[in-house]
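One structure below.
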Amino acid sequence: MLFHVTMDVRIPHDADPAKIDRLKAEEKARAQDLQRQGIWRHLWRVAGRYSNVSVFDVADAQTLHDLLSTLPLFPYMDVQVTALCRHPSSIHEDDR
Ligand SMILES: O=C(O)C[C@H]1C=CC(=O)O1
């Protein structure tokens, strides 16, 4: 199943910079690993905001929740999820 996910990252101003740098590095490694596996299909920065829009390809909503909630930056994210299904006019056979 495909899910559109928006992640708004909100780092508290009083957060420990060293801890945040470590979490960002861990997040990057995790995100790149999931992209290589084809699970995190799209990852886009929202221009002008510390936010991304992403498309995930996972078995179901529980799998997506387990994945998102274990991201290193998850405690600092507001996450919105929209389930996607195939558009009848899509020319992309892997849209499902
Ligand atoms: O920067 C972000 O949008 C938050 C998060 C998502 C992927 C990643 O590397 O960090």
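Just so it is clear, the structure is predicted and the values come from calculations on it, not from any experiment.
- Taking the side chain as every heavy atom from C-beta outward, D57 and I39 never approach each other to under 4.5 Å.
- With hydrogens and angles left out, the side-chain atoms of R45 and S51 include no donor and acceptor closer than 3.5 Å.
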Applying side-chain hydrogen bond (donor to acceptor under 3.5 Å, both in side chains) to S54 and W44, what does each step give before you reach the verdict?
CA-CA 6 Å; S54 294; W44 294 92; over 6 Å; no

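- Two residues are said to be in side-chain contact when any heavy atoms from C-beta on lie closer than 4.5 Å; L67 and V58 meet this criterion.
- Taking every heavy atom of both residues into account, M77 and E27 meet most closely at CE-OE2, 3.4 Å.
- Contact between T70 and R30 at its shortest, heavy atoms only, is O-NH1, 3.0 Å.
- Contact of the M7 side chain with the L68 side chain is registered, since non-hydrogen atoms from C-beta on lie closer than 4.5 Å.
- In this structure, the separation between CG on L2 and CZ on R86 is 10.5 Å, given to the nearest 0.5 Å.
- Remark: E26 engages R22 in a salt bridge, criterion side-chain N to carboxylate O under 4.0 Å.
- H4 NE2: more than 12 foreign heavy atoms inside a 6.0 Å radius.
- Rounding to the nearest 0.5 Å gives a distance of 7.0 Å between CG of L34 and CG of L71.
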Dump the intermediate steps for side-chain hydrogen bond (donor to acceptor under 3.5 Å, both in side chains) on D60 and T63, then the final yes or no.
CA-CA 5 Å; D60 52 32; T63 303; 2.7 Å; yes

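- Screening Q35, R36, Q37 against D33 for a side chain to side chain donor-acceptor pair (under 3.5 Å) leaves a single residue, Q37.
- A distance of 11.5 Å separates CG in D16 from CD1 in I11, rounded to the nearest 0.5 Å.
- Atom CG in L23 sits 6.0 Å away from atom OH in Y76 (nearest 0.5 Å).
- Remark: Q32 CD is packed, more than 12 non-hydrogen atoms of other residues, nucleotides or ligands lying under 6.0 Å away.
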For V79 and V5, what are the C-alpha separation, side-chain angles and deciding distance, and is it a side chain to side chain contact (heavy atoms under 4.5 Å, CB included)?
CA-CA 7 Å; V79 181; V5 178; 3.7 Å; yes

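- Residue F56 holds its CZ atom at 11.0 Å from CZ of F3, rounded to the nearest 0.5 Å.
- Criterion: ILVMFWY side-chain heavy atoms under 4.5 Å apart, direct or through other members. Under it, V81 and W40 are part of a common hydrophobic cluster.
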In sequence, state the C-alpha distance, the side-chain angles, and the governing distance for L73 and K24, and then conclude on side chain to side chain contact (heavy atoms under 4.5 Å, CB included).
CA-CA 7 Å; L73 286 176; K24 285 181 180 177; 4.2 Å; yes

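- With values rounded to the nearest 0.5 angstrom, L43 atom CG is found 5.0 Å from N52 atom CG.
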